[in-house]
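Encoded as structure tokens, the structure appears first; notes follow it.
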Amino acid sequence: MALKFYNSLTKKKELFTPLHEGRVNMYVCGPTVYDHPHIGHAKSYVSFDVIVRYLRYLGYKVRYVQNITDVGHLTDDADAGEDKIIKRAQRDHVEPAELVETYTRSYFDDMDAINNLRPDISPRATAHIPEQIELVEKLIEKGLAYASGGSVYFDVRKFKEYGKLSGRKQDELEAGARIEINPEKKYPADFALWKKAEPGHIMRWKSPWGEGFPGWHLECSAMSMKYLGATLDIHGGGLENMFPHHECEIAQSESANSVPFVRYWLHNNMVTVNGQKMGKSLGNFITLKDAFKKYHPLTIRFFILNTHYRSPLDFSNEALDAADKGIERLHNTIKHLRARLNFAKDGTTPPDINEKLEHYKKVFMEAMDEDINTSAAIAALFDLSKEVNTLLNSAQEYSKKCWEDIDSLYQQLGGDILGIIPKTFSTGASNEADTLTKVIGVLIDTRCELRKAKQWQLSDFIRNKLMEAGIALDDKPDGTTWKRTK
RNA sequence: GGCGGCUUCGCCAAGUGGACUAAGGCCACGGUUUGCAAAACCGUUACCCUGGGUUCGAAUCCCAGAGCCGCCUCCA
């Protein structure tokens, strides 16, 4: 068994070997925190979370860095774009730092809910301005960047490999119809490393070139270098960032360090909503907070992992409903098995069951090894469940050890690696509350029917027993409400 | 205009040259089980977009066509 990744740089599946044996340095482009996270963020970060989890399961010591972009970036043509963080901050009458704090927390809340492990380091761009300025200076010293009108640009023509990731040719870029002419630039494809702050621009820092702010590709290069070194094992991100963002990162980092920047480039595909592209600029994005109102976070996680990370994912209610039922079936088996475990007797695990467990583990791992084929891995979990359900239904008694072995396998594969199987099912507080509401609703409806039939004894029985349980009923002309008494 | 991708059962989705007479989930229909249900189990459901070609052999490779989509401006 050997892990393989599809490397966007070479466009091939390659055997994964880290630069330093046993250790993996991994960087993933994080969110710009000017709004609540949406399902596109979920797909991206769930995908990379599972990669991190799998690498760790395989025994690698992983350092996972994911930046928080807390400075809004303009397009690299002066005044052509807008700074989204500043714009939002002005709209909401808050400090940019305040806005960014709000949405950073929102981001972590949602990522926690969807069961992503926290990155080891979540560096903020604004906390690394000196590092970014240093990098710019280094590039100027090396003659690869030039200052012009208070800004600094990367001289793309000096980096002959520019375009190697996205498959673009420099002369084609020059002809690109949508690149506006910026007189400060020597060459149209040159990109900003540092931008001069115009008088109204709130977020600004002192620099050797006057007051300004970092260009939008710079932070990833500066921070990955600081925490992971000049060459990363894995760099992940969304497909849409391949050009220009990742291309520019390569240019900056490789020019500065003269070593390869990234060994394995991993790009996840995009989310569509009912077949249409979902994007911040299109305004049709579904926030996770909204999605969580309708679906359990683990359902969304399961739904995401049911598709390969390099395939696009279409978000529709029909597909989510199907996923919801699917994960419920998986969970049901495990709930039953854990219930059985509690009153099983001591003993051993039969060899044939051990063999089966080994078999499904092998199938699962082989799927994961093939560029993290979570879809096939989940299929193995369902196949396993079919067997387990058969055991649960059979008249044969199995030992505590046997059920524990099965549970442990679910814990490893579905829990530790995929993160779709919780350690316990009772802790879902909001879920429990929701169920309680429904259960009381049933009791109230039943009692209502009894009262209509003048079955006072039974209806009072329900009210009194609920009162004992801490639920007080209140009959009003237009219906019955309830509240907790303790 | 340039670059790239996708098209597999009613729906979602793996598989990318040989045990594919195509995984898994959802839905549907039979059956087993059940007091009736539910859950579970068993079974049924695919000429792999079209047309050529390469090959002993193609869903998988090549060419052409149709349809859909992404990137080339910020976006996960």
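Here is how names work: the chains are called A, B, and so on, in the same order as the sequence lines, proteins then strands, and each is numbered from 1. Only heavy atoms go into these numbers, but all of them, side chains included; no hydrogens, no water, no symmetry mates.
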Under 4.0 Å between a side-chain N/O of Asn241(A) and OP1 or OP2 of C75(B), yes or no? yes

Between Lys43(A) and Thr307(A), is there a side-chain donor-acceptor contact under 3.5 Å, judged purely by atom types and distance? no

Protein-nucleotides 67-71 of chain B N/O pairs under 3.5 Å:
from	atom 1	to	atom 2	distance (Å)
C71(B)	OP1	Lys277(A)	NZ	2.2

In whole angstroms, the gap separating C1' of C75(B) from NE2 of His36(A) amounts to 17 Å

_Phosphate OP1/OP2 of C41(B): any Asn393(A) side-chain N/O under 4.0 Å_ = no

In Tyr410(A), Phe425(A), Phe302(A), the residue satisfying ring-ring contact (aromatic ring centres under 6.0 Å, His included) with His331(A) is Phe425(A)

The Watson-Crick or G-U wobble partner of C20(B), with both key distances under 3.5 Å, is none

Atom CG of Leu330(A) and atom C1' of A39(B) are separated, to the nearest Å, by 15 Å

From CG of Asp324(A) across to P of C11(B) the rounded distance in Å is 21 Å

Exercise for the section: For C20(B) versus G35(B), give the span between their C1' atoms, rounded off to a whole number of Å. Expected result: 45 Å

So ring pair (Phe, Tyr, Trp, His ring centres under 6.0 Å) across residues 104-127 of chain A, not counting sequence neighbours, yields Tyr45(A)-Tyr107(A)

At under 4.0 Å between heavy atoms, what does Phe48(A) touch on the DNA or RNA strands: base, sugar-phosphate, or nothing?
nothing

Note to self: With rounding to the closest Å, how many angstrom separate the C1' atoms on U55(B) and G70(B)?
What the structure shows: 34 Å

Once the angle between the rings of Tyr103(A) and His36(A) is folded into 0 to 90°, is it parallel (under 30°), tilted (30 to 60°) or perpendicular (over 60°)? perpendicular

Worked verdict on Met365(A) versus Tyr57(A) for side-chain contact (heavy atoms from CB on, under 4.5 Å): CA-CA 10 Å; Met365(A) 301 283 281; Tyr57(A) 185 80; 3.7 Å; yes

* Mind checking whether His246(A) and His235(A) have parallel, tilted or perpendicular rings, split at 30° and 60°? -> perpendicular

Select base, sugar-phosphate, or nothing to describe what His336(A) touches, counting heavy atoms under 4.0 Å on all strands. sugar-phosphate

Checklist entry - Side chains of Tyr54(A) and Asp369(A): donor-acceptor distance under 3.5 Å anywhere? => result yes

Checking N1-N3 plus N6-O4 or O6-N4 for Watson-Crick, or N1-O2 and O6-N3 for wobble, each under 3.5 Å, the partner of G43(B) is C29(B)

Q) For Thr333(A), which contact category applies under a 4.0 Å heavy-atom criterion: base, sugar-phosphate, or nothing? A) nothing

Worksheet entry | Nearest-angstrom distance, P atom, U21(B) to C48(B) | 12 Å

Whether each nucleotide of nucleotides 13-26 of chain B has a protein heavy atom under 4.0 Å at its base (B), only at its sugar-phosphate (S) or at neither (-) is summarised, 5' to 3', as SSS-------BSSS

Could you go through the side-chain contact (heavy atoms from CB on, under 4.5 Å) check for Met26(A) and Ile51(A) one step at a time? CA-CA 10 Å; Met26(A) 176 161 165; Ile51(A) 290 173; 4.1 Å; yes

Paired to G57(B) by Watson-Crick or G-U wobble criteria (both distances under 3.5 Å) is none

Euclidean distance for C1', C9(B) against A59(B) (whole angstrom): 14 Å

note: Glu247(A), atom CD; C3(B), atom C1'; distance rounded to Å ~ 12 Å

Rounded to whole Å, the CG-P distance (Leu337(A) to A40(B)) equals 14 Å

Pairing partner of G70(B), by Watson-Crick or G-U wobble and under 3.5 Å for both distances, is C3(B)

Residues Ile114(A) and Ile304(A): closest non-hydrogen pair is CD1-CD1, 4.4 Å

Assess, by modelled atom type and distance only, whether the side chains of Ser408(A) and Glu404(A) contain a donor and an acceptor separated by less than 3.5 Å. no

From CZ of Arg310(A) across to C1' of G4(B) the rounded distance in Å is 13 Å

Rounded distance in Å between the P positions of C56(B) and C47(B)
28 Å

Distance between C1' atoms of C71(B) and A64(B) (Å, rounded): 25 Å

Taken to the nearest whole Å, CG/Asn67(A) to C1'/A76(B) is 11 Å

Rounded to whole Å, CH2 of Trp216(A) lies from P of A76(B) at a distance of 11 Å

### Query
What class does the angle between the rings of Phe243(A) and Tyr162(A) fall in, given that below 30° is parallel, 30 to 60° is tilted and above 60° is perpendicular?
perpendicular

| Say you pick atom C1' in U16(B) and the same atom in U8(B); how far apart are they, in whole Å? | 12 Å

Judged by nearest nucleotide, the residue sitting upstream toward the 5' end of RNA chain B, Tyr6(A) or Ser385(A), is Tyr6(A)

Partner of U50(B) under the Watson-Crick or G-U wobble criteria, both distances under 3.5 Å, comes out as A64(B)

Using atom C1' of each nucleotide, how far apart are G57(B) and A19(B) to the nearest Å? 13 Å

Quick one about Thr333(A) and Asn389(A) (side-chain donor to acceptor, distance below 3.5 Å, no hydrogens or angles considered), yes or no? yes

Students often get this wrong, so: under 4.0 angstrom with heavy atoms, is Val271(A) touching a base, only sugar-phosphate, or nothing?
base

Expected label for A19(B) (glycosidic angle, syn inside 90° of 0, else anti) would be syn

